[in-house]
There are 2 protein chains.
Amino acid sequence: MISQTAEYALRAVLYLARHQNGDPVSVETIADDLSMPRNYLSKTLHLLAKRGILTSARGPRGGFELAVPSDELSLFAIIEPFDELEGRSQCLLGRRECSDQAPCAAHHRWQRLAQRVSTFFRETTVEDLIAELSEPSGATAGHASRPG
Amino acid sequence: MISQTAEYALRAVLYLARHQNGDPVSVETIADDLSMPRNYLSKTLHLLAKRGILTSARGPRGGFELAVPSDELSLFAIIEPFDELEGRSQCLLGRRECSDQAPCAAHHRWQRLAQRVSTFFRETTVEDLIAELSEPSGATAGHASRPG
DNA sequence: CGTATTTATCATATTCTCATGAGAAAAACA
DNA sequence: TGTTTTTCTCATGAGAATATGATAAATACG
């Protein structure tokens, strides 16, 4: 659904959000804890820093931090630098122009779903997901998840 | 959302469904009409034939035909040989095990959407999409009544 | 049979994603 | 200043997805 790179970015940002203590976190720490390739993650987080989503600091005690409050940081903002979530990927049959006025065969049925997915990424924040982890599981779950 | 190859497969099957007249259609005809790479499409349709979705015939007057009635042919059946639509791809954060009992941070929010997408592919048939094309535009849901 | 037509198959090329490794550049600190 | 730590940047490579071209195999039809 999303690329490996975007998945790394998302998981790393969630990690940063859960480990906010005023100090930056190094790429090495994140890569080790999340089992990701270190240099590749470095490049990935660098791009998020360029986009203003993270701040980076070099040297001792350096690393990455969230630059945006987690309740103002959408999943869309994190993924969008890597994957094209909207635009031509919205048409299931790959047409450049696919609209209510000029629909492909799948348009009416697919568009509703694609819109829901789009809304999910745009409206779900990092804070929403963090909160999910620390809440007792809902009516369907049998075991409470533990933060950590 | 789906791979280029799966998109070719889907579009080609829709083409075959709309051009059923008892005769097979050659790869060349499809590739030309739909602007797809000919040999690549050949390989793609060959796999669908192996899966029993199409029949193929060599030689003059040969080509491909639907092997399944279009109202019994789900989009899932067409795409599944090429893309993994379910399984590991269901977890937004890429975890192997992600369930109500052991959810990732995104599970409860994402799973509902992923399930809808899955259902779309499993329950939507080729016939559904063909019918969509011949209906007056503007309908947002369900089937419009047809004259005659 | 012979030939044209068409799929089937193989080899290869191209492009993109994912990943590794080696340094360069910056910053903290003794 | 020098050393260490860290990000930044570049070069490169592996592998998958996408695509092309050539040839083999099957089939219709004269």
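Both backbone and side-chain heavy atoms feed into the values below; hydrogens, waters and symmetry mates do not. A note on names: the letters A, B, ... follow the listed sequences, proteins ahead of strands, and every chain is numbered from 1.
In this structure, the side chain of Thr44(A) engages the main chain of Tyr40(A) through a donor-acceptor pair within 3.5 Å. In this structure, the side chain of Arg51(A) does not engage the main chain of Glu80(A) through any donor-acceptor pair within 3.5 Å. Between the Asp83(A) side chain and the Ser3(A) main chain, a donor and an acceptor come within less than 3.5 Å of each other.
Heavy-atom distances to DNA chain D give each of Pro37(B) and Phe64(A) a nearest nucleotide, and the one nearer the 5′ end belongs to Phe64(A). In terms of position on DNA chain D, the residue among His46(A) and Gly62(A) whose nearest nucleotide sits closer to the 5' end is Gly62(A).
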Extract all donor-acceptor atom pairs below 3.5 Å that involve side chains of residues 111-123 of chain B and protein atoms in other chains or at least two apart in sequence.
unit_1    : atom_1 : unit_2    : atom_2 : d
Ser118(B) : OG     : Glu86(B)  : OE2    : 2.3
Thr119(B) : OG1    : Gln115(B) : O      : 2.9
Arg122(B) : NE     : Glu86(B)  : OE2    : 3.0
Arg122(B) : NH2    : Glu86(B)  : OE1    : 3.0

Atom pairs and distances, donor-acceptor, side-chain atoms in residues 6-15 of chain B, under 3.5 Å, two or more places apart:
unit_1   : atom_1 : unit_2   : atom_2 : d
Glu7(B)  : OE2    : Arg11(B) : NH1    : 3.3
Arg11(B) : NH2    : Leu34(B) : O      : 2.8
Tyr15(B) : OH     : Asp33(B) : OD2    : 2.4

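Nearest nucleotide to the side chain of Thr5(A), out of dC18(C), dA19(C), dT18(D): dC18(C). Considering only the side chain of Val27(A), dT7(D) comes nearest among dT7(D), dA8(C), dT18(D).
Taking side-chain N and O atoms only, Ser42(A) has no distance below 4.0 Å to OP1 or OP2 of dT6(D). Here Ser56(B) reaches the OP1 or OP2 of dA8(C): one of its side-chain N or O atoms lies under 4.0 Å away. Taking 4.0 angstrom as the limit, Tyr40(B) places none of its side-chain polar atoms (N or O) nearer than this to OP1 or OP2 of dG21(D).
To the nearest angstrom, C1' of dT7(D) lies 13 Å from NZ of Lys50(A). dT6(C) atom P lies 12 Å from atom CG of Asp32(B), rounded to whole Å. In this entry the distance linking CG of Leu54(B) with C1' of dT7(C) reads 13 Å, nearest Å. When rounded to the nearest whole Å, the span between CZ of Arg38(B) and C1' of dA19(D) equals 14 Å. Atom P of nucleotide dA17(D) and atom CG of Leu41(B) are separated by 18 Å, given to the nearest angstrom. Counting to the nearest Å, the P atom of dC8(D) and the CD atom of Glu28(A) are 15 Å from each other. dT20(C) atom C1' lies 15 Å from atom CD of Gln4(A), rounded to whole Å. Regarding Asp23(B), its CG atom lies at a distance of 17 Å from the P atom of dT5(C), rounded to whole Å.
Using a 4.0 Å heavy-atom cutoff across all strands shown, Phe82(B) reaches no nucleic acid atom at all.
A side-chain N or O of Thr125(B) and one of Asp128(B) form a donor-acceptor pair less than 3.5 Å apart.
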Legend entry - Sugar-phosphate or base contact per nucleotide [nucleotides 21-30 of chain C; S, B, -; heavy atom under 4.0 Å]: BB--BBBBS-

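When all heavy atoms of Leu93(B) and Ala105(B) are compared, the pair lying nearest together is CD1-N, 4.1 Å.
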